[in-house]
Amino acid sequence: MTGDGDGTDRRSPAVFLERQTYRRRRLMDAARLLPVLGALLFAVPLLWPGAEDAGAAAPLPTSRAIRYIFLVWALLILGNIWFGLLTRGWSGPGRAEDEAEVPERGLG
Amino acid sequence: MATLNLMVLVCLAYVALLFIVAFAADRLAATGRSTWLRSPLIYTLSLSIYCTAWTFYGAVGYAARSGLEYVTIYLGPTLVMVGWWWGLRKLVRVGRSQRVTSVADLISSRYGKSNLLAICVTILAVIGITPYIALQLQSITLSFSIFFEDAPVGGFSDASVVFWVAAGLAVFAILFGTRNLDANERHHGVVTAIALEAVVKLIALLAVGVFVVWGLSGGVSETMARIDASPIGEWQVNGSRWATITFLAVAAFVCLPRMFQVMVVENDDERHLRTAAWAFPTYLLLISLFVVPIAVVGLEVMPEGSNPDMFVLTVPLSQGKDTLAMLSFLGGFSSATSMVIVAAMALSTMVSNHVVMPIWLSSQADRASVSGDVRHVILLARRVSIAVIMVLGYFYFRLSGGGAALASIGLISFAGIAQILPSLVGGLFWRGATRSGALAGLTLGFALWLYTLLLPGLGGGLMPDGVLSDGPFGIGWLRPQALFGIEGLDPIVHSVMWSMLLNTAAFCAASLLSFPSPLERLQGAQFVNVFDHSAGPRGWTGSVAQSEDLMIMSQRILGAREAQELFQREAALQGGRGHLPEPTPMFLERLERELSGSVGAAAAHAMIGQIVGGSSVSVEDLLAVADESAQLMEYSSQLEVKSTELARTAKQLREANEKLTQISLQKDAFLGQISHELRTPMTSIRAFSEILRDNEGLGPTDKVRYATIILDEALRLTRLLDDLLDLSVLENGQVNLNMRSGILGDVLDRAISTALAGEERPLVVKRRRAQEGVRMHTDLDRLAQVFINLIANAEKYCDSANPELTISVHDVGGRLVVDFIDNGSGIPAEVQSTVFEKFFRVNAEKAGGAGLGLAISYEIMQRLGGDIVYLQGQSGGAFRVSLPLEGDRLAAQ
């Protein structure tokens, strides 16, 4: 699906340029939000009842904690894979504005 | 059971393999055919030096003690990698564009190439990392001793093992970390060896994990059941520690010198981050996946009181799986060695660039361009630094006795390194961050970390017990682990909270209060807006610089061949014929970056500065710094110009509109007037004609009277129509002028007698006949028509009780000027501009004519080559008629 989208965009860059740029911006927003989401999800364990707490709730079994943490972890990794795939073509012809000065660095 | 000889043999064989891999990779990189050496995979694997022996052995011990808390150490880096687009990408871009060689170099470079800051960071790093290195040595020693605790072998002792391990690691780091002074400071050999070690440790830990889960526990669900039944089967993590350690891991992952080395300095291609962003978290996930099962099974299987830090080794050993144990041992060995090597390399770069080189440079009484190989000095400094760091680690281990739990040393180290974070992040994202701010924050954070965490944590009498329990000099609120009287916090949480809070506060406050130097501001703009411009930040004034001196100096740092190549390339770029390029600012800037790869930004800056005689900030640079304000100012001035233009146009439009409105009104008024004018004579003509026709008995006197009236009215009509026709002819330029010579006074006489004939209220005309004897050549009849018009107007419109008209004649600028000034109230200012328009009348009721007189006069004067204007500022109505003098006229003909 991603490949198809790229292909269409490349065939007619002029027509879809604005939409493409817009999508890129939103994709960057999503990439910036992802660590925030991760931090929030990893902060959820702060709410769990612990063995040392004197509260009424029974402490959470470690196996469930493991399942939750590793699931979130895997989801974040998948999110990054997805973002990496979408942005793979960005260094190609229709590069983002922030990569415009790449040639300047080629000194050594 | 393995013998000591076998163990040593395996270790030596493994190290030999690493040597071969590193050597081959270096050779391959030198030939330039090493595409896979620069692959994202190698990059990702090299990042795994984050997982040291602390991870390999310590994580299991950590889990056995505190349950799932260990996972925070890996969640932090995961978050950093997940947010790579936001943070790491910028860090790597800055590192590459500024040719940064270490985290100290980055901080120094950002804050105006301040070497003081670099020294601070270096000291902080050395103090923070030395315990960490000791920790690695300890883990190797422990793992050795595990194999022999049951069967003591002659010649084995902890001390000797540690010594030989430290020496071996130092040799490896020296051999591959300081073989050459690469401009990019990249070490393909070491990085490849580390990648191999990363694979080994991952496979080893996974193998133990698989053995524990499927071999000992019998599957995933059984393992989960065992976990829940174990002492760590319930969620027991302290929330504040969970959050604090996650934050520490984030900070350490970015700031640790060894992480900075592999992540930024050794980065070949920014795009590798894209792969590493998901591949490295995956690596971390896999590494920590089996930690809890191993810990739980270890707690079950192993006898009471055995060290949980060594479960990874002891569990397979206790089950008789010697090969697995050996693999596990190699994994631990890999983790420890890779960390020590890279950390020693990174630290030695910092020490040699920021401490040794500046001292050496200043100790040279004469200039840097005198003979002597700086390369040699740098390499020697690095080698000695590596050795010194290893010795420090060794002594730390010996002195501390290696008793403390692995994880706590690691966390103390993390907390120290995290003090760099505010300056680093502030420098990358805040242009207002200054050198003073960074210095204040770093110093305060470092001091607080020492006071609240490192010294109390070390024990061993470094901090007297009295200070710990009652505070220094008995001041209770200064107790190291209960600052400001806040007690009951976990020591790590307490220290991190206070040091980071006050560090950040000092950083921000000092930044806000201080004023940065121009170089700092330039560098700040370069760092914060790295994606906008990666061009050089400052200008050298190259006019004084001597290319030869630069050449000599570069040869000593880069090596003769490399320096000559570089200079020739530059000369070719400049289009010169010789082999020495002109010392243009651009060349000096590139040279400085090239040198900074070898000796660090601050030293390179200082060395070139010595030869060139100081750097200057060019106007362009200042403009670049002030680009926003400059753009704003330019924009606003453009706006201003546009708005004045608009205002002018609007004024013109308004005037035009007013004129149009007046003209339109005049036209309407004229149409009304003209129909009235036409109708009045027509009405009387018709009425008197009817009387003449219908009344038979009219006397001859009456008949004559009526006929005269009819005739007068017909004449009036004819006159009006004549005027209209006249104007139309004049306007279309079809008039024929009857040019004659004459005297002005005669024309005036005729005009006055014509205009004032038959008026009952006499207008007094004042003249000076002496002036009027001017001879002229023009259409005298037309000129008289103009005069008649003006005099008749004065007679008609002058509202004075005793109307007077003054006619004066002058010669103004070679032109004959005749002024007609009456003593009335004149023409109102708002209609002065339309006096000469057709159909103009000041006052419709008072009017006798059709409002064509002045328009006709104007047209006539234009035809005669003269002009007629309304004179402003006179007492009454005033018209000026000007004509070319006869001489001009003749000359023109």
Side-chain angles (χ1 to χ4, degrees), chain A residues 27-39 41-43 45-53 57-70 72-88 90-91 96-105 107-108, chain B residues 67-68 71-72 74-75 78-87 89 93 96-97 99 183-184 221 223-225 227-228 230 232-240 242-243 246 250 270-271 274-275 277-279 281-282 284-285 288-289 292-293 296 530-535 566 590 593-594 597:
Chain A
L27 205 57
M28 282 187 236
D29 292 349
R32 290 191 179 100
L33 283 176
L34 200 59
V36 178
L37 177 73
L41 288 176
F42 284 140
L46 296 177
L47 306 173
W48 290 342
E52 290 156 5
D53 295 345
L60 196 82
T62 302
S63 59
R64 272 180 61 190
I66 290 178
R67 284 203 183 95
Y68 172 80
I69 288 168
F70 281 84
V72 169
W73 206 333
L75 284 178
L76 285 178
I77 291 169
L78 287 178
N80 248 16
I81 292 180
W82 176 74
F83 178 69
L85 281 178
L86 285 185
T87 59
R88 199 180 36 187
W90 281 18
S91 47
E97 74 284 347
D98 51 22
E99 293 187 20
E101 76 279 16
V102 167
E104 280 188 27
R105 284 185 286 104
L107 297 173
Chain B
L68 268 176
V71 89
T72 51
Y74 311 100
L75 293 185
T78 302
L79 288 178
V80 174
M81 289 313 282
V82 165
W84 70 283
W85 186 261
W86 187 77
R89 198 171 64 108
R93 173 70 66 90
R96 287 169 58 88
S97 68
R99 303 224 163 189
N184 300 322
S221 50
T223 311
M224 285 301 191
I227 289 172
D228 286 345
S230 72
I232 55 169
E234 286 176 341
W235 180 253
Q236 52 185 354
V237 176
N238 177 331
S240 63
W242 176 271
T246 308
V250 167
E270 226 172 274
R271 279 169 299 182
R274 184 164 294 150
T275 308
W278 58 264
T282 312
L284 290 177
L285 187 146
S288 41
L289 193 58
V292 175
V296 167
V530 65
F531 293 114
D532 299 338
H533 45 75
S534 298
L566 171 73
R590 274 205 283 270
R593 282 200 189 177
E594 206 70 38

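All chains are named by letter (A, B, ...) in the order of the sequence lines, taking the proteins before the strands, and each is independently numbered beginning at 1.
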For this session: Could you tell me which portion of B/T72 (side chain, backbone, both or neither) has an atom closer than 4.5 angstrom to a non-hydrogen atom of chain A?
Result: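 The answer is neither part of B/T72.
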For this session: Identify which part of B/L68 has an atom lying under 4.5 Å from any heavy atom of chain A, answering side chain, backbone, both or neither.
Result: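 Just the side chain, heavy atoms under 4.5 Å.
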Problem set entry | Contact check, side chains of A/L76 and B/M81, non-hydrogen atoms, under 4.5 Å |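 With C-beta onward as the side chain, the pair stays apart.
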For this session: Kindly indicate whether the side chain of A/Y68, heavy atoms from C-beta on, has any atom under 4.5 Å from the side chain of A/L41.
Result: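 Counting from C-beta outward, A/Y68 and A/L41 do come under 4.5 Å.
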Exercise. Based on non-hydrogen pairs under 4.5 Å, which of B/S288, B/S240, B/G67 is most in contact with chain A?
Worked result: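 It is B/S288.
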Exercise. What residue, out of B/A225, B/A277, B/A279, B/G87, has the most heavy-atom pairs lying under 4.5 Å from chain A?
Worked result: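 So the answer, after comparing B/A225, B/A277, B/A279, B/G87, is B/A277.
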Exercise. Checking heavy atoms, do the side chain of A/I66, its backbone, both or neither come under 4.5 Å from chain B?
Worked result: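 Answer is both: backbone and side chain atoms of A/I66 are under 4.5 Å from chain B.
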Problem set entry | Interchain contact, A/I81 with chain B, by part (heavy-atom threshold 4.5 Å) |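 Looking at A/I81, backbone and side chain both touch chain B.
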Exercise. More than 12 foreign heavy atoms under 6.0 Å from CZ of A/R64: is that the case here?
Worked result: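 At most 12 heavy atoms, drawn from other residues, nucleotides or ligands, come within 6.0 Å of this atom.
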For this session: Under the side chain to side chain contact (heavy atoms under 4.5 Å, CB included) rule, collect the residues that match up with B/A243, sequence neighbours excluded.
Result: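 B/A243 satisfies side chain to side chain contact (heavy atoms under 4.5 Å, CB included) with no residue once adjacent residues are dropped.
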Exercise. Who are the side-chain hydrogen bond (donor to acceptor under 3.5 Å, both in side chains) partners of B/T78, not counting sequence neighbours?
Worked result: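 Scan of B/T78 (side-chain hydrogen bond (donor to acceptor under 3.5 Å, both in side chains), adjacent residues dropped) gives A/W73.
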